[in-house]
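Following: one structure in structure tokens, then a few remarks.
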Amino acid sequence: MNDSIQVTKLPPHSMRDQAASTLLSELVAHLREHRTDLRQEWAQRITTARLLTAMSEDEVFNEATAVYDQYVEALETGTFEALQAYARNLSERIIPRGVETHEVVGIVLLLRDVLARSLFAKYQHDFAKLNRILDAYEPAANRIANTVAVGFVQERERIIREQQEAIRELSTPVLQVRERLLILPIVGAIDPQRARQLTEQLLHGIRATRGKVVVMDLTGVPAVDSNIANHLVQTVEATRLLGATVIVTGLSPSIAQTLVNIGVDLGKMNTVGDLQGGIEQAERLLGYKVVPTTQQDDARSGG
Amino acid sequence: MAWPSVPILKEGDVLIASIQSALTDVDLVALRDALVKQVSTYRTRGVIVDVTALDVVDSFASRTLRDLAHMIRLRGARTVIVGIQPEVAFAMVQLGLTLEDIPTALDLEEGMAFLGAR
């Protein structure tokens with residue numbers, strides 16, 4: 001903060017605040033009076049700077065109007081809650097359309113510049129007053145820019161977090177293919193967090209669907225490190241404690257080597273070459289027999 | 001011998017011990033002794049231990065369950081542990097308590113089916 005430098009020059013707080021608020025209300029009156037021109041100029045400059053290209057000119061103008069009014073109100077009242085809520089709402093609407101952070105920051109700074117310039121024009125003959133006006137205007141304007149930018153980034157991060165969560169959940173689906181038969185296809189690299197999630201979803205899936213046999217298909221996993229391999233073996237053992245059986249399919253040569261290196265007990269691991277073989281074995285374990293319909297008909301007509 | 005805090009029910013030729021709450025080590029040992037004793041009294045073919053209510057299975061509990069199953073096997077019946085919770089199962093495996101040669105099943109119904117099939 002520059003307070004330590006300024007305190008010596010400026011009157012005490014209360015007086016200074018009072019003076020600042022008088023100046024601010026003068027400033028707000030000025031911005032209200034020239035609303036149409038300034039808003040127009042701002043929208044113009046947004047277009048010239050090629051910001052918000054994802055939006056049509058009308059949309060830009062409408063948003064510009066709303067933002068302008070919010071901006072002036074925030075200057076007047078010194079409270080930022082309404083602006084903050086508006087910024088969040090605006091971000092929610094424009095983020096899906098591909099508006100970038102630099103655009104949002106850019107337009108707010110443009111508005112700040114447009115307004116500052118109109119202040120220069122108005123007070124150019126009274127430099128001392130211009131200085132005092134800017135003293136009042138700048139901190140508020142900077143805070144507004146800050147609020148909007150932070151609101152936008154927070155909204156963006158919230159969306160990213162939600163999407164990450166969704167992707168993580170989708171990345172380890174536990175699917176029921178028959179009564180009491182589940183498959184767990186795993187595609188892509190497994191990191192510790194995904195491994196944990198996988199175990200959790202599998203074990204809860206078994207309880208929820210009363211699964212008896214699980215086919216864990218690793219065809220889409222090129223390699224794992226020894227920690228993950230260990231975790232997979234533990235998952236297989238935990239599954240057994242729940243009274244279900246795991247059939248592991250599609251082990252790549254690299255994963256097979258990792259499993260051998262960590263000294264896995266092959267008596268505990270039931271492995272089959274590919275997913276089809278795994279499902280066939282699972283069906284045998286559950287007592288299913290898949291018969292082509294033509295054969296079934298033959299058998300029926302013959303008997 | 002202390003009387004076990006776990007009720008033991010007889011269903012046909014199967015004994016069902018349904019654990020209702022966390023057990024002390026003493027309770028567990030009492031349960032083991034009671035079950036092993038009753039196996040021959042009722043000409044039991046199988047024993048089901050339902051641990052659905054247990055949030056924690058430590059090494060002592062796990063060893064007692066294993067001993068119980070082995071002793072009952074020697075007395076001529078089979079044991080199946082049912083209802084291990086997902087979190088408990090993974091915690092047990094991480095501690096190396098895998099109850100290796102003891103049959104497990106999802107719940108009481110599955111346990112009955114398992115014993116019936118033999």
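In the text below, chain A, chain B and the rest are named by the order of the sequence lines, each starting its count at 1.
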For the student: nearest non-hydrogen atoms of Ala238(A) and Ala89(B), plus distance: O-CB, 3.7 Å
Salt bridge (Lys or Arg N to Asp or Glu O under 4.0 Å) partners of Asp217(A), counting only residues at least two apart: none
Neighbour count >12 (heavy atoms, 6.0 Å) for atom CD, Gln257(A): no
Contacting region of Glu109(B) [heavy-atom separation from chain A under 4.5 Å]: side chain
Listed partners of Asp225(A) passing salt bridge (Lys or Arg N to Asp or Glu O under 4.0 Å), at least two apart: none
Atom CZ of Arg43(B) with >12 non-hydrogen neighbours under 6.0 angstrom: no
Contacting region of Ile206(A) [heavy-atom separation from chain B under 4.5 Å]: both
Straight-line distance of Glu110(B) CD to Arg210(A) CZ, nearest 0.5 Å: 5.0 Å
Arg75(B) atom CZ, over 12 foreign heavy atoms within 6.0 Å: yes
Spatial distance of atom CG (Asp265(A)) from atom CD (Glu100(B)) [nearest 0.5 Å]: 6.5 Å
Test item: side-chain donor near acceptor, His204(A) and Glu87(B), under 3.5 Å: yes
Part of Arg180(A) within contact of chain B (heavy atom distance under 4.5 Å): side chain
Exceeds 12 heavy-atom contacts within 6.0 angstrom, atom CD of Glu11(B): no
Contacting moiety of Thr239(A), where chain B heavy atoms sit under 4.5 Å: neither
CZ/Phe60(B): more than 12 non-hydrogen atoms of other groups inside 6.0 Å: yes
Reference residue Arg240(A); test side chain to side chain contact (heavy atoms under 4.5 Å, CB included); the match among Ile84(B), Leu99(B), Thr98(B): Leu99(B)
Reported CG-to-CG distance for the pair Asp107(B) and Leu242(A), which is rounded to 0.5 angstrom: 10.5 Å
Smallest separation among heavy atoms of Arg207(A) and Thr52(B), with atom names: NH2-CG2, 4.3 Å
